[in-house]
Each structure stands twice: as C-alpha cells, then as structure tokens.
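Accompanying notes for the structure given below.
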Amino acid sequence: MQSFNLNNLLRSHILNLTPYSSARDEYTGKVGVFLDANENPLGSTTDAGDYNRYPDPHQWPIKQRLAPIKGVRAGQIFLGNGSDEPIDLLVRATCVPGKDNILIMPPTYGMYEVSAAVNDVELIKVPLTPDFQVDVETVLTSITANTKLIWLCSPNNPSGNLLQADAIRTILAAADHSLVIVDEAYIDFADTPSWTSELDNHPNLVVLQTFSKAWGLAALRLGMCFASEELIHVLNKIKPPYNISAPTQTLALEALNHEAEKNKMVTELLEERQTLVENLRSLPSVQVVYPSDANFLLVRFDDAKAVFEHLIDKQVIVRDRSKVKLCDGCLRISVGTKAENERLLDVLSHMKNDTVSTNLPLGPGELASKPELVSNA
Ligand SMILES: *Cc1c(COP(=O)(O)O)cnc(C)c1O
C-alpha cells in the first residue's frame, strides 16, 4: 500500500504531542531508594499484598510473553484497560470533531458508536446484509476523505458470525487513508486464523482482542490492540501513564502460563454451544438459531419480549436484541455451563405451561453473573 501515511491520519496536535513522562519512564532500574514518585514507602492499607508502588507503565513482561503466543512483535502490542480503552484512544488520536467520521456496520458492538458520540465525531452506518455480512459495495461508496476509522467486528457481536475474509481484504486495500479495525474479541471460538498474521502486509490494519472472553478474565479489564509499531507508539503517547494496574499485570502474566486451560475451556464451550443449538432448534417457539463462531447465540423467537420476560421471571438473564437493526425478534444468549444451559432449555420448554414444576439444576444464589455487571458486553 503506497499511499498510506499514518501521519496524515493523526490529528495534528497528537502528532506534535509531548507525552507525560512518568517517574517510571525516567528511571527504569529495579533497585534503589525510590523517592521519585510520591508513593507511600511504608506499605499498603491492605493485608492482601504490597500495592504502594506504581505499576510498569509499558507492561513489557506481558508483551514479551504475549508476542510469541500471538505471532507478533512485542512492539506491535498495546494493552488497554479493556478493549474499551484502545477503542476510545483510536478515535481521539485520529478524529477531529465536526470534521472527521467513523464508519460502522450495524448490528454491531455498541462501544464504537458510544466512543464516536463521546468524542462528538460523526458516524456513518452501513448496515450488514440480512445474513450479517459486509455490504462491500456500499461501504466503498460511503467512505469519504474524512473517514478515519472503519470498524469490523469478526466474529460479530450480536450476530455471532465471522465476516468474510474477502470483504475485509477488499476494504483493507481500498481504504488506504483510514484505519481498518478488526475486533476479534471472540476469535478463540472461531475456526479461523487471526488477522494479526496480516499486520505486516497492511499498515492500516488494527486488530483488537481481549482477555475478557475465552481467557475468562473479564474482571481484570485487559484488552489487546495489535497494529504497526508506528501506531502503537502513538497510542502509548496518549494513554494515561499507568493504565494497567499492578494486580491485573501480575494475574495476566500468570494466566499466560495457562493457555492450554483456555483452549480446554473453549473446547468445552464449543461442545455446549453445539448442544444448545440443537436443543433450541427443536423448540416450537424458536424461529431461527443463527450460526455462531462465538460463545453466544443469536436466536429469533416467535415472541421475543414474552420469552425475555419469562426468562427474567425465572432468573435466567439473556440479552434482548429485539429492537436492534436486523435483529427483530432476537435474543442473544451466552453459552453457559452445562447446568446453566439445561436450566435455560428447561425454562423455555415449559414456558407455555407455567404450572409444570421445573426441576431446578441451579438455585437462585448460583446464577453465573449479576445482570447489572454485564450491561456493557
Ligand atoms: C466483549 C467484547 C469486547 C471486550 O471488551 P473488553 O473491554 O475487553 O472487556 C470487545 N469487543 C466486542 C465486540 C465484544 O463483544
């Protein structure tokens, strides 16, 4: 790609920005008398450990451990406080409010639109086709000279499917003055390689992944952004200096020793997904179970509202997507444990006849997660 030039994409004040230089940037030695960061030298007000020192602002041990696992160079990795952080930083680095725009393809993950709105940046929406693939022709004619970011989510949330590689390739080639971001939050559940292998071929490619899904570490808040060293350098310049807490860094580094366990959980969840698909398809109230490359299913019901409310009533919480473009009548259902999925199916199959006593595999106190904690996902 001859014409791509990152400097033309960045806001001019970001290009010339002098970043905050933290105490931990200016002296990187590990031993000494540290009187440089106004920390409390006496210790921490907790018995849970010593947290009185600021964490590594660049998280090098994690990046060095992650690089061979992901097949990238450590300098191509940015770590954020969840994926939400790089999503927002990319907007702030590139988009001038009132001038530039961002292109998204609904139905898709809500944070791209929220980040555009928070930053007062115009949003161009090109809906996916009814089978949730990219409308390449319309995307190509909708890109303007001021389109800075093009968001692709693959596997897509909430539809669950991978986007066709040819479509992504066409957009990468055509959009040579935009960043093309492929959000791969669910890539571990898909039977396809990551776009990270294409980073060196496409300077405009950015890939997002997360520790929140397959790795089972949503509470740590750790998102991965893979891109050219040049772009990663810019994100590092504008991030808050200590964006990843010390406990998160310690636990993530330890988790990277357990990749086999992550893979084992993925295998189990994929088996559960298959069972869930088959059982849901046999229910009379279910119209469509869309094919999924992720750890959730988009399901169209005859009466989604009634099903959603009935499930809530029985303390089974799913996501109502029935008002979302192309998803009318649909609920989004995460693949749970075997017991949780059985509970879901049990409640659904007895819905018509509420008087039938259900055999609860789960007590109310054993619900997997509290609904108020999952509203962002
Ligand atoms: C869950 C999810 C994420 C992960 O967000 P975190 O902030 O890393 O927890 C990112 N993108 C999509 C599409 C998701 O569904």
Side-chain angles (χ1 to χ4, degrees), residues 59 62 66 70 77-91 102-116 118 128 132 134 149-163 168 179-190 192 194-196 206-227 235 239-240 243-245 248-249 251-252 255 262 265-266 269 273 290 292-298 318-321 324-325 327 330-336 368-377:
Q59 312 100 27
I62 305 178
L66 198 53
K70 296 295 177 184
I77 305 173
F78 173 85
L79 295 174
N81 184 350
S83 307
D84 302 337
E85 186 172 32
I87 290 171
D88 183 64
L89 290 179
L90 285 164
V91 177
I102 288 169
L103 193 149
I104 67 166
M105 299 169 210
T108 193
Y109 187 47
M111 281 307 291
Y112 318 140
E113 177 159 5
V114 169
S115 244
V118 166
L128 294 172
F132 301 118
V134 178
L149 304 178
I150 300 171
W151 291 97
L152 295 154
C153 188
S154 181
N156 185 46
N157 180 1
S159 55
N161 60 296
L162 283 163
L163 301 179
I168 298 179
L179 292 176
V180 178
I181 304 122
V182 184
D183 185 343
E184 295 185 332
Y186 301 98
I187 191 67
D188 297 88
F189 302 100
T192 186
S194 165
W195 281 88
T196 47
V206 180
V207 178
L208 297 185
Q209 293 184 10
T210 180
F211 283 90
S212 296
K213 307 287 158 65
W215 289 88
L217 298 169
L220 293 191
R221 310 307 302 125
L222 193 59
M224 299 166 257
C225 175
F226 306 99
L235 297 180
K239 79 181 180 75
N243 60 327
I244 310 295
S245 78
T248 294
Q249 293 194 37
L251 293 169
K262 183 264 288 175
M265 288 200 283
V266 166
L269 291 171
R273 182 180 80 192
Y290 286 93
S292 171
D293 300 295
N295 65 337
F296 58 86
L297 297 169
L298 188 71
V318 301
R319 200 88 201 268
D320 183 1
R321 301 282 79 180
V324 171
K325 195 170 189 81
C327 299
C330 290
L331 304 179
R332 195 195 68 192
I333 304 176
S334 303
V335 176
S369 54
K370 301 190 187 85
E372 69 270 21
L373 293 180
V374 297
S375 57
N376 181 39

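Remember, it's 1-based here, ligands and their atoms both numbered in the order they're listed. All figures in this text were calculated on a predicted structure; none of them were measured in a lab.
Of the options T210, T108, D183, the smallest heavy-atom separation from atom 10 (C) of ligand 1 is shown by D183.
Ligand 1 lies less than 4.0 angstrom from a heavy atom belonging to C153. Under the 4.0 angstrom criterion for non-hydrogen atoms, R221 is in contact with ligand 1.
Under the 4.5 Å side-chain criterion, counting only non-hydrogen atoms from C-beta, R319 is not in contact with P158. For the pair L222/W215, no side-chain contact is recorded, criterion being any heavy-atom separation below 4.5 Å from C-beta on. Contact annotation: the side chain of W195 never approaches that of L152 to less than 4.5 Å [non-hydrogen atoms, C-beta and beyond].
Considering backbone and side-chain N/O atoms, Y112 never comes within less than 3.5 Å of an N/O atom of ligand 1.
Near A185, meaning under 4.0 Å from any of its heavy atoms, are these atoms of ligand 1: 2 (C), 3 (C), 10 (C), 11 (N), 12 (C), 14 (C). Within ligand 1, counting atoms from 1 as listed, the ones closer than 4.0 Å to a heavy atom of S212 are 6 (P), 8 (O), 9 (O). Applying the 4.0 Å criterion to heavy atoms of D84 picks out, from ligand 1, the atoms 7 (O). Under a 4.0 Å criterion applied to the non-hydrogen atoms of S83, ligand 1 contributes the atoms 4 (C), 5 (O), 6 (P), 7 (O), 8 (O), 10 (C). Atoms of ligand 1 found under 4.0 Å from any heavy atom of K213 (numbered from 1 in listed order, with element): 1 (C), 2 (C), 3 (C), 4 (C), 14 (C), 15 (O).
Of the heavy atoms in Y186, only side-chain atoms (C-beta onward) come closer than 4.0 Å to ligand 1.
If you look at Y186 and F296, their ring centroids are closer than 6.0 Å.
For N161, the side chain to side chain donor-acceptor pair (under 3.5 Å) partners are S159, not counting sequence neighbours. Partners of S292 under the side chain to side chain donor-acceptor pair (under 3.5 Å) rule, at least two apart in sequence or in another chain, do not exist in this structure.
Between Y112 and W151, the angle of the ring planes stays under 30°, which puts this pair in the parallel group of the 30/60° scheme.
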